Amino acid sequence: MTPDLSAHLDRALEEAGEASLLVAYSGGPDSTALLHALAARTPRPALRALHVDHGLHAESGVWALHCRRFCESLDVPFEAMRVTVDLTRGEGVEAAARRARLAAFAAALKPGERLVLAHHRDDQVETVLLKLLRGAGPEGLAGMRACRPLGAGLLWRPLLELPRTALLDHVAAFALDTVHDPSNDDPRIARAYLRGTVLPALLAQWPQASTSIAHSARLCGEAAETLRDGWLAALDRLGDDRGTLDATGWLALPPAWRSPLLDHWLHAAGLSAPTTAQREALERQIREAAAERLPLVGWADTEVRVWRGRLWAMRRRDGFDGGWSAPWSGEPLALPGGGMLVLPGGRLDAPLTVRYRRGGEALRPHGDRHTRELRDLFQQAAVPPWERPRIPLVEAGGRLVAVADKWLSEEGKILFDAAGGAPVWHLDD
């Protein structure tokens, strides 16, 4: 017998208390059933709906209009948000759309509000199988979490123990109109291939496969929580206020701690996690790193470097013209190597020249008795080598007077004092 969606939601809402709810509403059968069932609760919880339009399908505008009209029929406040899917990060359309959607959800959540997603047991099974095929450990094989922080509120999946048939039965029982996204049937998309080909074959041979896989996911989740206590304590020990990690200390961790700690550290910085092969390449680089080398492992939009015995993670950047130069009078100046050079509260009487390092530059910093090569200044200040080529240099009449906002010469100090400010280099995130 298929479980009843309404009865399941009643139990979930009782546990959730009086939190306001924001339903992620795509217009598909699953989110339609969820929104309709929530709107029918007596008393109704504080409820609104958000539709994210990715603009990836010709019918997306029609879908948004359908969602608005359905919400009007339920007397549920509705908002449609159009997002831009960034396809430059090397992660594929599906992952890029998910990233854009999640950012929209996080931005829309009010303090203490719960974002309610219609993910069900069948979605959980697909997620666990995908993680298994990617070589995930307990953290990944636990699948989707029922509840986690997001933005100013919480992301909540109250239906993970419910089969999809319960949602489809609700749609049929109330003759609800839904939209269909054809990408859900595209076998070139991994999740759609699992749903349309692999899972039907599994269930034909093992009818209890979905129940068993979901049960294994719960066991992996319990194991992952136990491991989490250990690697979170290790992260506190290995990290620092610059957001770097002790490379040797990380490598010495038990393998069951090493992978989830790395993934958590990267996600906290807004970066993507590596595959098993990429993580193993990073481990090998740390073991084999020589003092004169600067090990680097990159994937998708992320780079991890090893320098001075620590791991440094950053977003992958495009190359730039190191021979670039431009006149500058203090106005905001966008730099091809990244960031912006500005002179807050001041303007220069005559323009200076901004350029990048070409080698051999030297400067006598204000208050210092000695002229020093930039190479030595960078080393003494622990400026990472990959940042040095992108640091703007400021010249007056061919003489170096400033290195971004790090050092001024005596002449530079006089020039900028007269202008009423000092250079500031705003770095990109």
Side-chain angles (χ1 to χ4, degrees), residues 1-52 67-81 101-102 104-127 142-179 210-211 214-215 217-218 221-222 225:
M1 180 177 176
T2 303
D4 179 68
L5 170 61
S6 295
H8 185 91
L9 271 180
D10 283 337
R11 292 190 295 271
L13 288 170
E14 185 176 352
E15 294 177 6
E18 299 182 358
S20 298
L21 305 179
L22 172 63
V23 175
Y25 178 42
S26 69
D30 301 342
S31 62
T32 297
L34 172 64
L35 180 60
H36 181 269
L38 286 172
R41 298 300 91 204
T42 303
R44 177 191 291 192
L47 182 67
R48 62 192 186 104
L50 174 65
H51 174 81
V52 176
C67 292
R68 181 178 295 280
R69 288 174 174 170
F70 184 68
C71 286
E72 289 173 351
S73 73
L74 298 177
D75 194 26
V76 171
F78 172 82
E79 179 184 358
M81 187 177 295
R101 186 166 60 248
L102 197 61
F105 290 151
L109 274 173
K110 299 175 182 177
E113 192 173 37
R114 291 192 178 207
L115 174 75
V116 194
L117 300 179
H119 292 139
H120 43 72
R121 189 180 69 188
D122 300 54
D123 291 323
Q124 182 75 302
V125 168
E126 293 166 11
T127 298
M144 295 179 285
R145 295 165 61 184
C147 196
R148 69 173 178 84
L150 180 68
L154 292 173
L155 182 153
W156 187 37
R157 299 183 177 100
L159 309 182
L160 285 181
E161 297 181 1
L162 208 62
R164 190 179 190 225
T165 51
L167 282 78
L168 297 180
D169 287 351
H170 187 95
V171 169
F174 292 91
L176 302 178
D177 190 18
T178 66
V179 300
S210 291
T211 302
H215 176 67
R218 285 193 295 274
E222 293 169 3
E225 282 300 314

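Values below: all heavy atoms of this structure, side chains included; hydrogens, waters and symmetry mates excluded. Keep in mind that what you see is a predicted model, and the values were worked out from it rather than measured.
- Between Thr127 and Gly143, the shortest heavy-atom distance links the atoms CG2-CA, 4.1 Å.
- The line from OG1 of Thr32 to CG of Leu168 is 10.5 Å long, rounded to the nearest 0.5 Å.
- Nearest heavy-atom pair, Ser6 versus His170, reported as atom, atom and distance to 0.1 Å: OG-CE1, 4.0 Å.
- Ser31 places a side-chain N or O within donor-acceptor distance of the main-chain N or O of Ser26, the cut-off being under 3.5 Å.
- Listed by chain and number, the residues in a side chain to side chain contact (heavy atoms under 4.5 Å, CB included) with Arg11 are Ala7, His8 (sequence neighbours excluded).
- Note: Asp122 CG to Glu126 CD = 7.0 Å, rounded to the nearest 0.5 Å.
- The aromatic rings of His36 and Phe174 sit tilted relative to each other, their planes meeting at an angle between 30° and 60°.
- Pairing each heavy atom of Thr178 with each of Pro29, the nearest pair is CG2-CA, 3.7 Å.
- Partners of Arg101 by salt bridge (Lys or Arg N to Asp or Glu O under 4.0 Å), not counting sequence neighbours: none found.
- Atom CZ of Arg69 has 12 or fewer neighbouring heavy atoms from other residues, nucleotides or ligands inside a 6.0 Å radius.
- Rounded to the nearest 0.5 angstrom, Leu155 CG and Arg148 CZ are separated by 5.0 Å.
- The heavy-atom pair separating Ala37 from Leu5 by the smallest distance is CB-CD2, 3.9 Å.
- Counting heavy atoms from C-beta outward, Asp123 and Leu159 have side chains that stay 4.5 Å or more apart.
- When every heavy atom of Phe70 is checked against every heavy atom of Ser73, the shortest pair comes out as O-OG, 2.5 Å.
- Between atom CG of residue Asp30 and atom NE2 of residue His120 there is a gap of 3.5 Å, rounded to the nearest 0.5 Å.
- Among the candidates Leu160, Leu162, Thr165, Thr211, the single residue satisfying the side chain to side chain contact (heavy atoms under 4.5 Å, CB included) test with Arg121 is Thr211.
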Please tabulate, one pair per line, all N/O donor-acceptor pairs under 3.5 Å involving side-chain atoms of residues 105-119, not counting sequence neighbours.
| unit_1 | atom_1 | unit_2 | atom_2 | d |
| --- | --- | --- | --- | --- |
| Glu113 | OE1 | Arg48 | NH2 | 2.9 |
| Glu113 | OE1 | Lys110 | N | 3.0 |
| Glu113 | OE2 | Arg48 | NE | 2.8 |
| His119 | ND1 | Arg157 | NE | 2.9 |

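- Looking at Leu35 and Leu47, their side chains come closer than 4.5 Å, going by heavy atoms from C-beta outward.
- Within a 6.0 Å radius of CD in Glu161, other residues, nucleotides and ligands contribute 12 heavy atoms or fewer.
- Atoms OG and CZ, on Ser210 and Arg164 in that order, are 12.5 Å from each other to the nearest 0.5 Å.
- To the nearest 0.5 Å, atoms CD (Gln124) and CZ (Arg145) are separated by 12.0 Å.
- Here the shortest heavy-atom pairing between Ala49 and Val76 reads N-CG1, 4.0 Å.
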